[in-house]
Protein chains: 2
Amino acid sequence: MKHVDIEQRQKKILGAIVESYIETAIPVGSRAVSQRFRMSVSPATIRNVMADLEEKGLITHPHTSAGRVPTDKGYRMYVDLFLEPKHLTKEEESLIAKLIDKGCEDFETLMQTVSKSICMMTNVVGIVLTPRLKRSVFKHVEFIPIDSSRILAVLITGSGVVKSTMLDMEEEFVKSELFRISEFLNQELSGMFLGDIKGYLTRRLLEQSDSFYTFLKKAMYMLSIPGLLKMEDRIYFEGATSIIACPEFKDITKARLFLKLFEEKRDLMELFGEDMDVEGIKVHIGKENNRKSVQEYTIVTSNYKVNDRVIGALGAIGPTRMEYGRVISAVSYLSDILGKALEDLG
Amino acid sequence: MKHVDIEQRQKKILGAIVESYIETAIPVGSRAVSQRFRMSVSPATIRNVMADLEEKGLITHPHTSAGRVPTDKGYRMYVDLFLEPKHLTKEEESLIAKLIDKGCEDFETLMQTVSKSICMMTNVVGIVLTPRLKRSVFKHVEFIPIDSSRILAVLITGSGVVKSTMLDMEEEFVKSELFRISEFLNQELSGMFLGDIKGYLTRRLLEQSDSFYTFLKKAMYMLSIPGLLKMEDRIYFEGATSIIACPEFKDITKARLFLKLFEEKRDLMELFGEDMDVEGIKVHIGKENNRKSVQEYTIVTSNYKVNDRVIGALGAIGPTRMEYGRVISAVSYLSDILGKALEDLG
DNA sequence: AATAGCACTCTAAGTGTTAGAGTGCTAATT
DNA sequence: AATTAGCACTCTAACACTTAGAGTGCTATT
């Protein structure tokens, strides 16, 4: 029984504490750990180890006579060192596939279905950001004359998003010219990323002869003014209401603050947008987050891709006490699925 | 001091109880009533009157030694008999006008702004249903070929709503025919209510000669299959999160149930849709509502009109203990404003 | 008819008490 | 030297008990 790897045991006990706490939300005592794992060590020994872990800042005490609770740092170590992904079962995957299949006809329901799926699999709030307009490819633009002074501009992107804006024209427009403009744009810009269009057209403008200049200028106006290209991302989420049943929200003001995140979506949008270009699943635990409003929660994000190009982000948010394995697996799986669904849709 | 109108006094005291309770959420005692109105009657007398009111089912006791609380029936009488509308102030109206003005460019933000305005003025949840598609007028339809087998159908209605659907065509389509179809539909259906279109086309179909028949049939297919005309109303709301700070939601499961209303929007949509065709402001207090899920709340609804035709509904929902005067005024005012804003937009 | 007085009821808040869970330390054990 | 048992100590959560105060309902009085 000598020379047991101390480090190893610390890890094991930290793991036990984290997992037990995630499961029950009750601070974990030395006895509980000893029993839970039928360990060959007594509670007393575990207490000593716990004291060490506490010194390292991995766990804490709510008060003297309470069990231990993981700190953010403790969760971090757990996630980094001995978390094994807990893949969705075949049944779960096929359930999701079925849902997505039903909901993927139109863009809106697809977004809703994905966020709902994340929520269902994990019991935390599932979040999906719409594809960044800038990163979508141009597919088609159409100008529909409504009355003498107004035109409806309709833009279709590669990921199936349709965006439309009403244009109030100051001067009278000629139908044939409108047609020429849309034909020109459709030919010229096909397949281009929306984010690159403005620059491209400006460059073209500089190198053109006078005769073509006015035409081009008009074309640019038609595209840029209406805010067609203006990014205006939206966020879809599901499960915010049911999660406030968790014990961490028994204080009603906590619950309100949490729900407020979803009412004022800005913070969340930024948060998810920020590490959209980082590959893989990102996990931000508690105070690791910069924004105060989310420092009691863990955020798991991933990006999703259409034709191998990153165009959006999705993920989950919930109490730091979440089932990391499942959440990570679910987010990972659904980012794949969403990407594929968008390719079909586009 | 003889021959005082008893009825009158009962009313006055009921009003006092209702108003005091709405303000403070604390059960109202006889002493409080007597003082609040510097009445020339003593608490003892008021107690007698209260007993009468209780017998009539207008107020109750939470427990023996508590003050009185209005029942649904009590609120009802209050609303019917001596509620005077509490009009918004000039400042408030101009504030709203400013907000609407800023948000009325596009349809989405207009809806959001209106629900937000209701919330701001009343401290209850503001709700706006999108215009019923069926009741909107047809303005324009456009078919945009995307690739060899797909067409994007775009429908524009009189209230500025743009709806689009992707059409998967089984057989190859000819561009010129597409054009003929849209031209035909635009000419034929202009100004018609969307709800009437299907019937109209069917009738036309019956009386047509063979040559035109296939054309017409195709045209109908283009319109009906894509679900362009399918009603798919949406609901906008604001303030759900902040209202759960009210004492009536101190029990967290109550709060969750309330919030659930907004997650599963069906109940609310039906509720608001139901009395859309009844003129004026409708007030449903507590158990007056049929649906169990809202029997602890009061719902205030109104319709809104574009060109004198009812096309949608809006309103508010909150605890029965709400400021009826203000809520009614706000809902009334904003239904006007919304109607006008939509006329400008359409 | 209205009121004053009074006994009665019930709650909410505060106080004590206790059981139990859990710790930390020390001394014994392996 | 590492582990463990034992034990005193701490803190919470739950329960019982008390009390002040708000409010009622009834009765006798004005």
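All values below were derived from every heavy atom in this structure, side-chain atoms included, with hydrogens, water molecules and symmetry-related copies excluded. Order of the sequence lines sets the chain letters (A, B, ...), proteins ahead of strands, with each chain counted from 1.
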Rounded interatomic separation in angstrom, taking [atom1] from [X] and [atom2] from [N]:
{"X": "Arg9(A)", "N": "dT4(D)", "atom1": "CZ", "atom2": "P", "value": "7 Å"}
{"X": "His61(A)", "N": "dG24(C)", "atom1": "NE2", "atom2": "C1'", "value": "9 Å"}
{"X": "Ile26(B)", "N": "dG23(D)", "atom1": "CD1", "atom2": "P", "value": "9 Å"}
{"X": "Leu53(B)", "N": "dG25(D)", "atom1": "CG", "atom2": "P", "value": "12 Å"}

- Taking only N and O in the side chain of Thr45(A), is any of them less than 4.0 Å away from OP1 or OP2 of dT3(D)? no
- Message: If you compare every side-chain N and O of Arg68(B) against the phosphate oxygens of dG25(D) (OP1, OP2), does one of them come in below 4.0 Å?
- Response: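 For dG25(D), OP1/OP2 do have a side-chain N/O of Arg68(B) under 4.0 Å.
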Could you list the donor-acceptor pairs under 3.5 angstrom formed between side-chain atoms of residues 74-84 of chain B and any protein atom two or more places apart in sequence or on another chain?
from     : atom 1 : to        : atom 2 : distance (Å)
Arg76(B) : NE     : Glu288(B) : OE2    : 2.9
Arg76(B) : NH1    : Asp80(B)  : OD1    : 3.1
Arg76(B) : NH2    : Val283(B) : O      : 2.7
Arg76(B) : NH2    : Glu288(B) : OE1    : 2.7
Arg76(B) : NH2    : Glu288(B) : OE2    : 3.4
Tyr78(B) : OH     : Glu19(B)  : OE2    : 3.0

- Task: Let me have a per-nucleotide readout for nucleotides 11-21 of chain C, 5' to 3', with B, S or -, counting only protein heavy atoms under 4.0 Å.
- Result: S---------B
- Item | By salt bridge (Lys or Arg N to Asp or Glu O under 4.0 Å) - contacts of Glu54(B) (at least two apart) | Arg68(B)
Would you tabulate the side-chain donor-acceptor contacts of residues 264-271 of chain B under 3.5 Å, counting partners in other chains and residues two or more places apart, or write 'none'?
from      : atom 1 : to        : atom 2 : distance (Å)
Asp267(B) : OD2    : Ser293(B) : OG     : 2.7
Glu270(B) : OE1    : Arg291(B) : NH2    : 2.5

- Whichever of Ala44(A) and Pro43(B) has its nearest DNA chain C nucleotide further upstream toward 5':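 Counting from the 5' end, the first nearest nucleotide belongs to Pro43(B).
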- Query: Mind checking what makes side chain to side chain contact (heavy atoms under 4.5 Å, CB included) contact with Asp251(A), not counting sequence neighbours?
  - Reply: Thr253(A), Lys254(A)
- Message: Run the side chain to side chain contact (heavy atoms under 4.5 Å, CB included) test against Ser30(A) and tell me which residues pass, sequence neighbours left out.
- Response: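 Partners of Ser30(A) by the side chain to side chain contact (heavy atoms under 4.5 Å, CB included) criterion, ordered by chain and then number, come out as Pro43(A), Ile46(A), Arg47(A), Met50(A).
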- Item | Sidechain N-carboxylate O distance under 4.0 Å for Glu23(A), Arg36(A) |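 Result for this pair is yes, salt bridge flagged.
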